[in-house]
Structures are given as C-alpha cells and as structure tokens.
Amino acid sequence: HAHVLSPGGMDDGYRRRKAEEGDSLMQSGEAHLKTSLLRLKTSPDHDSAAADFEKAAVCFKAAQEYEKGVHACIKAAESFSACQSEFHAGKMYEQAGYMHKELKQYVECGAMVEKAADCFMSAGQTDSACQTLDKCARAFDQSPGADEDLKLIAVKLLRKSYERGQASERVREAVQSLDYAGKILLNLRRYEEALEMTKHSLACYQELGNHNMVFRTGLHVALLNLQLNRPDGESVSPATRGWATTTWSSAPASMSPSSTCSSTDPMVSRSRLLPG
C-alpha cells in the first residue's frame, strides 16, 4: 500500500500511531494520580504519572500534535515538582515552550521558558536557568521576520536572565545578557530603554573592574544621552559631561578618542559629538 505523507514528509500513519500512543499514556498518567480507598491508594503516584506524561509529550511531539504536547509537558512538570524534582520540571516547561514556539504562540512560549528558569533556580542550577532564557531570547531576536513585539519579548527574557545571574553573583555572565538586550533596543530605536539598560551594563563592568568595557559602555551612555536630547550637547547632564572628561583621560591608549572614532560600532562612531 502507498504511504500518505504529510507536507513535512512524515508518514501520516506514523503520526496517527504516535498520537494514539500519547493519548493512551495520558490516560495512564491520570490514573496514577487518582486515589482509591477500595484499593488502599491514599495518595497520588506522582513519580509514575510524571514518567507517563513525559513519554506522552515525546509522542505528541513526534505526531506534531503540539497543543496536546504542551498539555502533557505541563502535567509532567507538575508531577515532577510534586516529587521535588525541580530540574526535571524545568526541562518539561522548557519543552512546553518549544511546542508553543512551533504554534507561533510566542508570549506563551516566553512564559513557559520563564517557568523553566524558575525551576532551574530552585534546583540550584543558575547556569541552566540563564542559558534557557538566553537561548530563547536569541531565537526570538534572530527569527526571520521577527517584529518589534517579538524582539521586546526577547529583551524581557534577557532582562530576566540578567536578574537571575546577578542574584547568584555571576555578574560576568549576567552582563552579556544586558549587552544583548541593549543592542536589540538600540536597533529598535528605543533609546530611552537602551540608555537604562546600558547604565546597568556600565555598573556591572565597573564592579568587575573591566576598564576597557567601562570606557566603551560609558561612551554609549554619553552618546545615548545626546541622542535623547540635543546633538549640540547642551542637554547632557553635568554628571555625564564630567564622566566623559574623566573617562577620556583614563582610557587605555588603544581606546583613545581618535582610535575609537574610527570604530565600526554604530554608537561609538558618533563619539565626536561628546561635549568638550
């Protein structure tokens, strides 16, 4: 018999079988959660339920039944949490996020990824939390045809990644998320928000004692002030003007005003606008 293939090239019979298998596993998982006085089962079996829901999620993903897959992932995550297995709960929320992404439900995807990060933090896995948020944010930002709303969701996730990294005293890693978020905001011409993000980056580099990045990021702060006010520099605050003078005098030789002005950086290329 000829096999009927879906537009993606997948055997429709295979998809149907995997969907049916997923449905059966969901029923089994729900049965593990039920209690019965007659059978002397006084508490749900979350461990067995989590295993069945997780297997069901794999089946639904293979069948491209993503809405069912999301439900299975969430049920598995809840059961893992009931077993005090927050790391595995986080992995299931992360999978739910990917399935929302397949459905182009980006807001829901972001929410699932945040829940995953929270679970990883509860499990003491800060790196996994930040990497999950960063990975999703980069995927959103780099999606073909990504609109402003999607890029702003990416910024939100990057901000969350920074907050979690900073709370765990992982400033060096956290500031990279801030820098990426600032870049997105700059490309969107949301200068006020980019300025606030860049100020946070500057504070991080000052804390780390990274003088080259203090200089470079501080220059961005000054230029964004100019962008938001007047190009003649009259509206730049005395504090910013004083900072610029101090920074120029203490900058490494390789980052002098003349060398920096020739940079390909879109913000640094405006450095001639700095007030004297």
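A donor-acceptor pair is defined here as one N or O able to donate and one able to accept, closer than 3.5 Å; such a pair exists between the side chain of Thr132 and the backbone of Ser128. Side-chain atoms of Arg164 come within 3.5 Å of backbone atoms of Lys160 as a donor-acceptor pair (strictly under, hydrogens ignored).
When Met112, Met92, Gln95 are each tested for a side chain to side chain contact (heavy atoms under 4.5 Å, CB included) with Ile74, only one passes: Met112.
More than 12 heavy-atom neighbours from other residues, nucleotides or ligands sit within 6.0 angstrom of CD on Glu30. With a 6.0 Å radius and a threshold of 12 heavy atoms from other residues, nucleotides or ligands, His88 has its NE2 atom at or below the threshold. Heavy atoms from other residues, nucleotides or ligands lying under 6.0 Å from NZ of Lys199 number more than 12.
Between Phe60 and Tyr66, a ring centre-to-centre spacing not shorter than 6.0 Å is recorded.
To the nearest 0.5 Å, the span separating CG on Asp141 from CG on Leu150 amounts to 8.0 Å. One finds the CG atom of Leu33 at 10.5 Å from the OG atom of Ser43 (value rounded to the nearest 0.5 Å). Annotation: the span from Glu163 atom CD to His200 atom NE2 amounts to 9.0 Å, rounded to 0.5 Å.
Between Asp52 and Met26, the closest side-chain pair of non-hydrogen atoms is not below 4.5 Å. Side-chain atoms of His71 and Lys68, non-hydrogen and from C-beta on, never get closer than 4.5 Å to each other. Tyr106 has its side chain within reach of Lys101: a pair of non-hydrogen atoms, C-beta onward, lies under 4.5 Å apart. With contacts defined as side-chain heavy-atom distances shorter than 4.5 Å, the pair Tyr98/Cys73 does not qualify. Inter-residue side-chain proximity for Arg189 and Tyr191 is flagged as met; some heavy-atom pair is nearer than 4.5 Å. A 4.5 Å side-chain heavy-atom check between Leu133 and Leu158 finds every atom pair outside the cut-off. Between Phe80 and Glu86 there is no side-chain heavy-atom pair separated by less than 4.5 Å. A 4.5 Å side-chain heavy-atom check between Leu188 and Leu152 finds at least one atom pair inside the cut-off.
Of the charged side-chain nitrogens involved, none lies within less than 4.0 Å of a carboxylate oxygen, so that Glu20 and Arg17 do not count as a salt-bridged pair. Salt bridge status for Glu148 with Lys151: absent, with no side-chain N to carboxylate O gap under 4.0 Å. For Glu54 and Lys91, the salt-bridge test fails: no basic side-chain N is under 4.0 Å from an acidic carboxylate O. The pair Lys61-Glu102 does not meet the salt-bridge criterion, since no charged nitrogen lies less than 4.0 angstrom from a carboxylate oxygen.
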Handout entry: Step-by-step salt bridge (charged side-chain N to carboxylate O under 4.0 Å, His left out) determination, Lys18 to Glu65
Key = CA-CA 9 Å; Lys18 297 308 289 184; Glu65 294 278 355; over 6 Å; no
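The stretch residues 119-140 participates, sequence neighbours left out, in these salt bridge (Lys or Arg N to Asp or Glu O under 4.0 Å) pairs: Asp127-Arg170.
Under a hydrophobic clustering in which Ile, Leu, Val, Met, Phe, Trp and Tyr are joined whenever their side-chain heavy atoms come within less than 4.5 Å, directly or via other members, Leu157 and Tyr180 fall into different clusters. Linking ILVMFWY residues whenever their side-chain heavy atoms come closer than 4.5 Å, directly or via other members, leaves Val214 and Met197 in distinct clusters.
Between Phe120 and Phe87, the two ring planes are tilted [angle within 30° to 60°].
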